[in-house]
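Model, not experiment: these values are computed from the prediction.
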Amino acid sequence: MKQKKMLTLTFSQLKQVYGQEIPEIVEIADKSSTVEDFKAGILRLLETCRIENEAAEEAREQIRLLLDYDGQNVHELSTGQDMSVQTIRLLYEFLTGTLENMEMPTDLFIEIFQMFKRLKGEITPLPSPQRIKSRNDRWETGLDEEVREIRDENKERMLHLLIQKIENRKSKPSVRFHFEEGMSYEEKYRLVSEWWNDFRFHLAMAVKSPGELNRFLGNSLSSETMYLLYRARKKGMPFFATPYYLSLLNITGYGYNDEAIRSYILYSPRLVETYGNIRAWEKEDIVEVGKPNAAGWLLPDGHNIHRRYPEVAILIPDTMGRACGGLCASCQRMYDFQSERLNFEFESLRPKESWDRKLRRLMTYFEEDTQLRDILITGGDALMSQNKTLQNILDAVYRMAVRKQKANLERPEGEKYAELQRVRLGSRLLAYLPMRINDGLVDILREFKEKASAIGVKQFIIQTHFQTPLEVTPEAKEAIRKILSAGWIITNQLVYTVAASRRGHTTRLRQVLNSLGVVCYYTFSVKGFNENYAVFAPNSRSMQEQQEEKIYGRMTPEQAEELYKILETKVGTEEETKEDVAKQLRRFMRKHHLPFLATDRSVLNLPAIGKSMTFQLVGLTEEGKRILRFEHDGTRHHSPIIDQMGQIYIVENKSLAAYLRQLAKMGEDPEDYASIWNYTKGETESRFSLYEYPDFPFRTTDKMSNLEISINVSSK
């Protein structure tokens, strides 16, 4: 039966399908007087049925696992709640007509049906390379001529709106962006056209209300959307979208599909309903003075340092870096916007006199820690800080690295502390506001790299976030070129929303970024609770993409080593050497017939314990949401807290059936995703060598500092 029809069946219709296609299961239920009899009958079936292929064997083992877990209580890590797994009991009640909750969706029973069908040896054929290519090629980029034409029209419309906006601000004119008395309209137009290329202009003119948002989008938003946005504003949700980023949307009704961008700007009903009660998914980000966080790390007072792993900590400065160039609807730090630790009040975020003293104290934390070797400066957005402020932060990092290195000279082998190896700046401005990458910033990045390289720092990375190939515009291309010219590497992290998870979309993004010299780092499952229901794509879709699409960019170990050397040697000082990275990557892909480079890992950020995609399906909720048992990523070090955590269970945000219905509403054919049901387990991919820490020329201590775990643990 076709996927689309299956997703719309009623209870009675679905039961009929069970009777027609897997009658033995219905017969076992009819003959069982209790759920325990039913389980025993299924177990006998599993032991006696003919297994024709590997897919059927996997289905048998999966059903056995559901039987084992049925009736058990598990501790769901993200909510901290215990829950009872009742998958097989609910199936029994459905088949015997004793189901109490007849208002529950059919999604649970659709998934179980798919599982038993696999037991019969039915195989969903993998898409051909030609099919993969056609799905990839259907997605436009922001560099395509047709896309640029629509955006030029958007910009033209917005220039006139910006003139009106400046004129209406006469009572509170901008110091930098205002019109002199007596200027003609043509003069104002020319001036605003020049200002369009200044990132500060877009920040000053950012849209902050639903009404203004609709005006800038040509009054194209529906009454339902406007009602929702006004509700959001009433609840105190911030709005912030620059004219540049809004110009990337398509309001014409024809041309490119902008859903991946639109879902970042427009809030969903669940997000608006939940705002005010959003909980922190990242439990380790909850910091109490004098107490270790959920990962066991002791941190300085405040919310400036976040830490999960031994080797790396995040620094969030008390500067404009606490703001962003826009608010992503699926932001992992929506909790912090809710609590007003992050905001768009730029004046209030300018560094106070006390910030320099605080920065020195924060650097002492890195300096005196035995294991920290990697600093990720983010926010908010690291590049929202002004050039002078960012330079001060990088200078402080450099001085810290020098002091840590000097102190190590006095320590014996085996007791030396880890020294700084990697400096990263987390920023989405390459997509949100690429004009920010100006010559002054490039000079700061280049100078810091030159002096930090001299003391042994090995890696300098701008960790950015392009969500869709449509964000890769001529302006973004130039921003990428400028950063590469400073000798920094650019890596991309994608959040795997529903819109971004459509077939071919992620391969197209990898392809266009790689061609410009950007390497991909992570593909993240959406995290969060009810607020992110609308954008969550199940982890099985990540596995499906990994196995059926990303596979075409996979490299042999020899090819991966060759690519690593291209990126590793990007440390020259000659302009042409540094700008050649994009050409080298394109040449590498042509040489090895690779459409893109599969250097990213698909992962979910587990609360308190880090990233993983090693999981097993152990149950389903009444709504058909998968209950997954996760294992830690065995390829990296963790806090010893993981030794005390036991089994890790996460309930996904939505059912596979609900996800497929969403895709259908977006115009996708659910049949193209038919194999998604087969991915009931996952394994974390190995790391590309660029993302591994280089070896030290000395032996470091195994001791971990700033760690406090209440129960005795044996550190690995």
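With salt bridges taken as basic N to acidic carboxylate O contacts below 4.0 Å, one links K591 and E562. A salt bridge is absent between R422 and E311; no separation between the charged side-chain nitrogens and carboxylate oxygens falls under 4.0 Å. Salt bridge R446/D443: present, at least one basic N to carboxylate O contact under 4.0 Å. Ion pairing between a basic and an acidic side chain is recognised when a charged N comes within 4.0 Å of a carboxylate O; E668 and R138 show such pairing. Classification of E692 and R373 as a salt-bridged pair fails, no side-chain N sitting under 4.0 Å from a carboxylate O. Between R428 and E471 there is a salt bridge, since a side-chain N of the basic residue sits under 4.0 Å from a carboxylate O of the acidic one. Between R148 and D152 there is no salt bridge, since none of the side-chain N atoms of the basic residue sits less than 4.0 Å from a carboxylate O of the acidic one. Using a cutoff of 4.0 Å between basic side-chain nitrogens and carboxylate oxygens, D395 and K451 are scored as salt-bridged. R554 has a carboxylate O that lies under 4.0 Å from a charged side-chain N of E685, or vice versa, which qualifies the two as a salt bridge.
The closest side-chain heavy-atom distance from L383 to L390 is below 4.5 Å. Looking only at side-chain heavy atoms (C-beta outward), L470 and R151 come within less than 4.5 Å of each other.
Aromatic pair Y693/H637: centroids not less than 6.0 angstrom apart. In summary, the aromatic rings of F199 and Y244 are positioned with their centroids too far apart to meet the 6.0 Å limit.
Taking the six-membered ring where the residue is Trp, Y432 and Y245 present perpendicular rings, their angle passing 60° and hence far from 30°. Between Y691 and F688, the ring-plane angle classifies as perpendicular under the 30° and 60° cut-offs. Ring geometry for F460 versus F448: interplanar angle over 60°, hence perpendicular rather than tilted (30 to 60°). Between W139 and H505, the ring planes lie perpendicular to each other; the angle is over 60°, past the 30° to 60° tilted range.
Under the 3.5 Å distance criterion, the side-chain polar atoms of N304 are left unmatched by any main-chain donor or acceptor of P317. Formation of a donor-acceptor pair under 3.5 Å by the D381 side chain with backbone atoms of C324 is not found in this model. Side-chain atoms of R399 never come within 3.5 Å of backbone atoms of V397 as a donor-acceptor pair (strictly under, hydrogens ignored). At distances below 3.5 Å, not a single donor-acceptor pair connects side-chain atoms of T684 with backbone N or O atoms of S612. With hydrogens and angles disregarded, no donor-acceptor distance shorter than 3.5 Å links the side chain of R687 to the backbone of T635.
In this structure, a donor-acceptor pair under 3.5 Å is absent between the side chains of K550 and T523. A donor and an acceptor atom, one from each side chain of D144 and T141, are located under 3.5 Å apart. Q463 and Y521 share no donor-acceptor pair across their side chains, judged by distance under 3.5 Å alone. One side chain, S385 or T319, offers a donor N or O that lies under 3.5 Å from an acceptor on the other.
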Worksheet item: Where do T506 and E545 land on the side chain to side chain donor-acceptor pair (under 3.5 Å) test, with the steps shown first?
Response: CA-CA 8 Å; T506 301; E545 201 276 338; 4.6 Å; no
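Y309 carries R636 over the face of its six-membered ring, with the cationic atom under 6.0 Å from the centre and within 45° of the normal.
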